[in-house]
Novice: 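Okay, handing you the structure first.
Chain identifiers are assigned alphabetically (A, B, ...) following the order of the sequence lines, protein sequences preceding nucleic acid strands; residue numbering begins at 1 within each chain.
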Number of protein chains: 2
Amino acid sequence: MAYVYRMIETDIFRALADPTRRAVFERLAGGEMSVGALKAKFAVSQPAISQHLAALKAAGLVVERREGRFAYYRLAPEGLAPLASWVERYRAFWPEKIEKLKDVLKGMDP
Amino acid sequence: MAYVYRMIETDIFRALADPTRRAVFERLAGGEMSVGALKAKFAVSQPAISQHLAALKAAGLVVERREGRFAYYRLAPEGLAPLASWVERYRAFWPEKIEKLKDVLKGMDP
DNA sequence: GATAAACATAAGCCATGACTTATGCGATTC
DNA sequence: GAATCGCATAAGTCATGGCTTATGTTTATC
């Protein structure tokens with residue numbers, strides 16, 4: 001009976017822990033993309049992209065849309081909800097000034 | 001010149017991706033703890049705990065306080081700021097109703 | 001000052017992960 | 001309908017990760 005419940009947070013953290021895979025996720029923030037178009041943006045093989053997408057999909061972070069022989073992937077941002085929730089839980093421990101730091105960091109990112 | 005800049009997000013995601021290590025972090029939310037006290041809460045060896053703490057510390061998620069031969073660790077919740085910032089960036093993509101889902105999830109966690 | 005306690009570090013083991021090339025499979029094109 | 005395209009899956013390789021059992025190292029105890 002051990003380990004009956006998989007922790008979705010683990011899947012999400014793991015999916016986003018790899019820099020390439022996280023970059024794929026971030027790319028998709030620009031809009032829906034086919035696997036081939038996505039592959040063109042990275043220095044890895046097509047199977048590698050497919051494998052990353054499968055991991056992101058399993059974590060609930062992207063969704064697939066089939067159209068003929070093409071597969072289009074787009075963000076499933078609601079998949080981040082458990083992650084946001086997890087972080088939120090520890091926001092209670094933050095000193096007030098951290099809120100400002102967070103805003104600064106937000107501004108820093110492209 | 002490649003890979004000069006380490007991504008702090010990667011360290012944070014990686015640190016929290018392991019269930020045991022994340023559990024250690026969550027434990028520390030209950031308050032400062034010595035390594036020995038922490039070890040008593042988990043079914044792993046003392047070196048394993050020390051290694052997890054080292055990873056969390058390297059990611060900026062906990063801080064160490066030395067007192068004689070004891071080492072006390074406590075949360076550095078501000079270390080979550082880059083993570084919160086990262087999530088925040090994609091909150092823009094969320095549908096409105098997700099905010100409610102997040103609250104539900106928050107209520108579910110112990 | 002020798003012993004023990006609390007913790008960190010070293011070294012080794014085994015599983016997993018991220019990548020590759022090779023292959024399969026449905027959809028299109030000729 | 002044979003060849004090609006777009007993608008997924010299989011299989012293999014190499015590096016990394018998390019764990020273990022030693023082995024320090026520093027501080028307290030006798």
Side-chain angles (χ1 to χ4, degrees), chain A residues 2-3 6-28 31-74 76, chain B residues 2-3 6-28 31-74 76:
Chain A
Y3 289 94
R6 283 288 302 279
M7 253 176 301
I8 186 62
E9 285 102 340
T10 300
D11 289 333
I12 298 175
F13 276 120
R14 285 197 51 74
L16 297 171
D18 181 72
T20 303
R21 193 161 46 229
R22 195 168 65 252
V24 167
F25 178 89
E26 292 169 349
R27 263 289 174 186
L28 290 177
E32 193 181 62
M33 264 189 164
S34 72
V35 176
L38 212 40
K39 170 194 168 353
K41 303 291 186 181
F42 296 91
V44 295
S45 66
Q46 171 264 315
I49 296 290
S50 285
Q51 288 161 16
H52 283 312
L53 288 169
L56 290 169
K57 185 178 167 187
L61 297 174
V62 304
V63 292
E64 185 190 359
R65 180 176 67 85
R66 278 284 176 174
E67 189 174 323
R69 52 184 173 178
F70 290 84
Y72 296 97
Y73 286 84
R74 65 174 183 279
Chain B
Y3 290 93
R6 285 288 304 280
M7 254 177 303
I8 185 63
E9 284 103 340
T10 300
D11 289 333
I12 299 175
F13 276 119
R14 287 197 52 73
L16 297 172
D18 181 72
T20 302
R21 194 159 47 229
R22 194 168 66 251
V24 167
F25 178 89
E26 292 170 348
R27 261 289 173 188
L28 290 177
E32 193 181 62
M33 262 190 167
S34 72
V35 176
L38 212 40
K39 170 194 168 350
K41 304 291 185 179
F42 295 91
V44 296
S45 66
Q46 171 264 316
I49 297 290
S50 285
Q51 289 160 15
H52 283 312
L53 288 168
L56 290 170
K57 185 178 167 187
L61 296 175
V62 305
V63 292
E64 185 190 358
R65 181 176 66 85
R66 277 284 175 175
E67 189 174 321
R69 54 184 171 175
F70 290 83
Y72 296 96
Y73 286 85
R74 65 174 182 278

Novice: Between CZ of R65(A) and CD of E32(A), what distance do you get to the nearest 0.5 Å?
Specialist: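 Interatomic distance, R65(A) CZ to E32(A) CD, rounded to 0.5 Å: 4.0 Å.
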
Novice: With rounding to the nearest 0.5 angstrom, report the CD to CD distance, E26(A) to E9(B).
Specialist: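 Spacing of CD (E26(A)) from CD (E9(B)) equals 7.5 Å.
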
Novice: Tell me, which of residues 15-23 of chain B have any heavy atom that sits under 4.0 Å from an atom in DNA chain D?
Specialist: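 Heavy-atom cutoff 4.0 Å gives D18(B), T20(B), R21(B).
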
Novice: Take atom CZ of F13(A) and atom P of dG18(D), then tell me their distance rounded to the nearest Å.
Specialist: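 F13(A) atom CZ is separated from dG18(D) atom P by 14 Å.
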
Novice: Would you kindly give the NE2-to-C1' distance between H52(B) and dA8(C), to the nearest whole Å?
Specialist: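 Answer to the nearest Å: 15 Å.
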
Novice: Please name all residues satisfying side-chain hydrogen bond (donor to acceptor under 3.5 Å, both in side chains) with T20(A), sequence neighbours left out, ordered by chain then number.
Specialist: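 Residues passing side-chain hydrogen bond (donor to acceptor under 3.5 Å, both in side chains) with T20(A): none at all.
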
Novice: So which one's nearest nucleotide on DNA chain C is more toward 5', G68(A) or A48(A)?
Specialist: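 Looking at the nearest nucleotide for each, A48(A) comes out on the 5' side.
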
Novice: Residues two or more places apart in sequence or in another chain: which of them pass salt bridge (Lys or Arg N to Asp or Glu O under 4.0 Å) with K57(B)?
Specialist: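 Checked K57(B) against salt bridge (Lys or Arg N to Asp or Glu O under 4.0 Å); matches are E64(B).
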
Novice: Looking only at non-hydrogen atoms, find the nearest pair between A17(A) and R22(A) and report the distance.
Specialist: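 For A17(A) and R22(A), the tightest heavy-atom pair comes out as O-NH1, 3.8 Å.
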
Novice: Whole angstrom is fine here: how far is it from CZ in R14(A) over to P in dG17(D)?
Specialist: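 Value for this atom pair: 10 Å.
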
Novice: Once ring-ring contact (aromatic ring centres under 6.0 Å, His included) is applied, do any residues pair with Y73(B), and if so which ones, sequence neighbours excluded?
Specialist: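 None.
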
Novice: Mind calculating the distance between CD (E67(B)) and C1' (dA6(C)) to the nearest angstrom?
Specialist: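 Whole-Å distance recorded here is 13 Å.
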
Novice: Do any side-chain atoms of residues 42-52 of chain B form donor-acceptor pairs under 3.5 angstrom with protein atoms, and if so which ones, sequence neighbours left out?
Specialist:
| residue | atom | partner | partner atom | Å |
| --- | --- | --- | --- | --- |
| S45(B) | OG | A48(B) | N | 3.4 |
| Q46(B) | NE2 | S50(B) | OG | 3.1 |
| H52(B) | ND1 | R21(B) | NH1 | 3.4 |

Novice: Measure from CZ on F42(B) to C1' on dG18(D) and round the result to the nearest Å.
Specialist: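 Result: 15 Å.
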
Novice: Verify the contact: side-chain N or O of S45(A) to OP1 or OP2 of dC19(C), cut-off strictly under 4.0 Å; return yes or no.
Specialist: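 So the side chain of S45(A) is outside the cut-off, no N or O lying under 4.0 Å from OP1 or OP2 of dC19(C).
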
Novice: Applying the side chain to side chain contact (heavy atoms under 4.5 Å, CB included) test to L61(B), which of L56(B), V24(B), L53(B) qualifies?
Specialist: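 When side chain to side chain contact (heavy atoms under 4.5 Å, CB included) is applied between L61(B) and each of L56(B), V24(B), L53(B), only L56(B) qualifies.
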
Novice: Treat primed atoms plus P, OP1 and OP2 as sugar-phosphate and everything else as base, then score nucleotides 4-9 of chain D 5' to 3': B for base contact with protein heavy atoms under 4.0 Å, S for sugar-phosphate contact only, - for none.
Specialist: BBSBBB

